[in-house]
Amino acid sequence: MGILPWIGIYALESLFFAWLLFWGGARRLEGSWLAELVAFKGSVTSADGLKLLAWIFWVSGTCWFLAGLFVPGVRWA
């Protein structure tokens with residue numbers, strides 16, 4: 001994967017997590033079927049649980065993004 005698609009995917013992912021955390025997305029998804037998809041099939045569907053998962057996914061995604069930014073072979077893993 002090239003560097004531009006790699007950056008684009010991370011930007012979209014970051015936008016989604018920012019929506020969940022800061023712009024009311026977690027409250028909007030709370031208890032919905034989409035929350036069950038985001039939260040691994042119903043393990044955590046409350047707004048606070050979704051925010052916690054968003055933080056975990058965002059931090060781990062940022063680490064993966066930085067690794068792929070500097071080591072191109074990581075992008076294919």
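- Trp58 is linked by a side-chain hydrogen bond (donor to acceptor under 3.5 Å, both in side chains) to Ser14, counting only residues two or more places apart in sequence or in another chain.
- Grouping the Ile, Leu, Val, Met, Phe, Trp and Tyr side chains by contacts below 4.5 angstrom, directly or via other members, places Val59 apart from Leu20.
- Considering all non-hydrogen atoms of both residues, Arg75 and Gly2 come closest at NH1-C, 3.7 Å.
- Evaluation of the side chain to side chain contact (heavy atoms under 4.5 Å, CB included) rule for Trp23 yields Leu15, Ala18, Trp19 as partners, not counting sequence neighbours.
- Applying the side-chain hydrogen bond (donor to acceptor under 3.5 Å, both in side chains) test to residues at least two apart or on different chains, the pairs with a partner in residues 3-13 are Tyr10-Thr62.
- Rounding to the nearest 0.5 Å gives a distance of 6.0 Å between CG of Leu69 and CD1 of Ile7.
- Under the 4.5 Å side-chain heavy-atom criterion for ILVMFWY residues, a single connected hydrophobic cluster contains both Leu4 and Trp64.
- Phe17 and Leu12 fall into different hydrophobic clusters, defined by Ile, Leu, Val, Met, Phe, Trp and Tyr side-chain heavy atoms under 4.5 Å apart, directly or through other members.
- Counting only heavy atoms from C-beta outward, the side chains of Leu50 and Arg27 never approach each other to under 4.5 Å.
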